[in-house]
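One structure is given here, and the rest of the page talks about it.
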Amino acid sequence: MLLPNETILKAISWTLLHSLWQGLILAIFAGLVILFTKKAKANLRYSILAGLFLAFMIAVGFTFNYEYQSDAMFISSEELIVIEDFNQDNEMLLPASQAPDYFQIGINYLNQNSTAIVLIWFLIFSIKCFGIFRSLSNVYRIRNYRNQAPPEYWSERVLELSQLLKIKKHIVLLESQLVSVPSVTGFFKPIILMPIGLLSNLPQDQIEAILLHELAHIRRKDYFINLIQSFAEILFFFNPGVLWVSSIIKEERENCCDDIAVGITQSKSKFINALVSFQEYNMKQN
């Protein structure tokens, strides 16, 4: 008979296994979305892909519940079975010889080794979680160390651009010695970090295009969503379908922010020039 904790381990083990084919279905649908929305706006494609990703997570939750409930019902039914006395030889029949059922053998093998499967998964999961905590520690470091206030003009310009994008949060702009690319940190108290010297080495319109891209992330609340997505990637680190779809969602998220920046500047070429100029500047610094 399975003990309650063994039931949970079996449910987790089978949920992880089922997530592989569920992730494959997710990847197939995502591929179809990309194929049929090539000419659509990035925001539509992103919304559909994010919806599929959420549906996958919900499906995994239902799978775990189903597996757990199935095992619990199996335990209850076992308790109602009446085992007949083996001494009643006249009522005992030897089963006829049959070919081995390899499918059932595989299921039995997985059931017997569910504890080992979950422990291996949990070990790798824990190691990757440590990586996330280290990343969060690094985020705290770059928010609080080796940064400086930018020229007052750019602080005021960020305020004006955030109002243009209808962002109600107060946004801090800082120049940092610890970042090599413009980035946003923080959900409740967002900070835009710019590499030291970038604000004074690129033309004003190109700097504004870059700031608009970062502000678009804040308006879309991408920092919070990205944390959830990163956790999902760690949870299903073994699932190629999930990892691929997650990477596509990240690309589309960047495209969405690009579209917002281009929509404000009314010039796609200006935004592209800003990206090219930044890459050239970054290469010189390195």
Side-chain angles (χ1 to χ4, degrees), residues 30-53 150-151 153-176 179-187 190-229 245-285:
L32 292 174
V33 169
I34 295 171
L35 180 64
F36 290 106
T37 60
K38 287 182 177 179
K39 297 182 179 180
K41 291 185 177 181
N43 189 52
L44 173 63
R45 195 159 44 250
Y46 175 85
S47 298
I48 298 175
L49 291 173
L52 288 174
F53 199 84
Y153 169 82
W154 285 114
S155 295
E156 294 176 354
R157 191 61 183 139
V158 165
L159 177 61
E160 294 171 358
L161 293 175
S162 62
Q163 291 173 347
L164 188 62
L165 289 172
K166 298 180 181 179
I167 301 173
K168 297 181 179 179
K169 294 180 179 179
H170 175 67
I171 299 167
V172 176
L173 176 66
L174 294 174
E175 291 187 284
S176 173
V179 299
S180 57
V181 296
S183 56
V184 175
T185 68
F187 177 70
I191 296 176
I192 297 178
L193 295 168
M194 301 289 280
I196 288 287
L198 184 64
L199 295 176
S200 57
N201 281 278
L202 262 62
Q204 177 179 332
D205 58 341
Q206 294 182 5
I207 292 294
E208 288 184 1
I210 293 173
L211 288 173
L212 281 168
H213 177 92
E214 301 306 322
L215 287 167
H217 279 299
I218 297 173
R219 192 183 81 171
R220 289 168 42 82
K221 301 177 175 62
D222 285 340
Y223 184 77
F224 179 71
I225 296 172
N226 191 54
L227 279 178
I228 297 175
Q229 194 175 336
V245 174
S246 182
S247 66
I248 295 299
I249 291 175
K250 289 180 179 179
E251 290 178 10
E252 293 302 333
R253 181 184 302 142
E254 294 300 320
N255 292 336
C256 289
C257 293
D258 290 347
D259 288 346
I260 292 174
V262 170
I264 297 296
T265 59
Q266 297 295 316
S267 174
K268 188 173 183 178
S269 60
K270 183 185 296 184
F271 184 74
I272 293 174
N273 289 335
L275 296 179
V276 172
S277 297
F278 168 71
Q279 291 296 335
E280 292 175 349
Y281 171 81
N282 207 23
M283 290 176 64
K284 290 179 182 178
Q285 296 301 308

**Study point:** Nearest atoms (heavy-atom pairs only) where Leu215 meets Leu161
**Key:**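 Scanning both residues, the minimum pair turns out to be CD1-CB, 3.5 Å.
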Review point. What is the minimum heavy-atom distance between Ala42 and Asn255, and which atoms define it?
Key: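 Taking every non-hydrogen atom into account, CB-CB, 3.6 Å.
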Which residues share a side chain to side chain contact (heavy atoms under 4.5 Å, CB included) with [X], sequence neighbours left out:
X	result
Val179	Ile142, Ser176, Ser183, Leu193, Pro195
Gln204	Tyr153, Trp154, Glu208
Ile264	Leu164, Leu165, Leu212
Thr37	Val33, Ala40, Arg45

Within-4.5 Å side-chain heavy-atom neighbours: [X] and [Y]:
X	Y	answer
Ile167	Pro190	no
Arg220	Asn43	yes
Arg253	Tyr46	yes
Leu52	Val245	no
Met194	Ile210	yes

Does [X] have any side-chain hydrogen bond (donor to acceptor under 3.5 Å, both in side chains) partners at least two apart in sequence or in another chain, and if so, which?
X	value
Asp205	none
Lys250	Glu233
Gln266	none
Asp258	His213

Review point. Pairs in or reaching into residues 191-201: which pass salt bridge (Lys or Arg N to Asp or Glu O under 4.0 Å), with residues at least two apart or in two chains?
Key: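 Matches after skipping sequence neighbours: none remain.
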Practice item. With side chain to side chain contact (heavy atoms under 4.5 Å, CB included) as the test, would you mind laying out the steps for Val184 and Asp222 before giving the verdict? Key: CA-CA 9 Å; Val184 175; Asp222 285 340; over 6 Å; no
**Study point:** Working for side chain to side chain contact (heavy atoms under 4.5 Å, CB included), residues Ile192 and Ile218
**Key:** CA-CA 9 Å; Ile192 297 178; Ile218 297 173; 4.1 Å; yes
Check your understanding: Within a radius of less than 6.0 Å around NZ of Lys169, do more than 12 heavy atoms belonging to other residues, nucleotides or ligands occur?
Key ->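 Check passes, neighbour count above 12.
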Exercise for review: Under the side chain to side chain contact (heavy atoms under 4.5 Å, CB included) rule, what do Ser155 and Val158 come out as? Steps first, then yes or no, please.
Suggested key: CA-CA 5 Å; Ser155 295; Val158 165; 5.9 Å; no
Practice item. Please name all residues satisfying ring pair (Phe, Tyr, Trp, His ring centres under 6.0 Å) with Phe224, sequence neighbours left out, ordered by chain then number. Key: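 So Phe224 forms a ring pair (Phe, Tyr, Trp, His ring centres under 6.0 Å) with Phe187.
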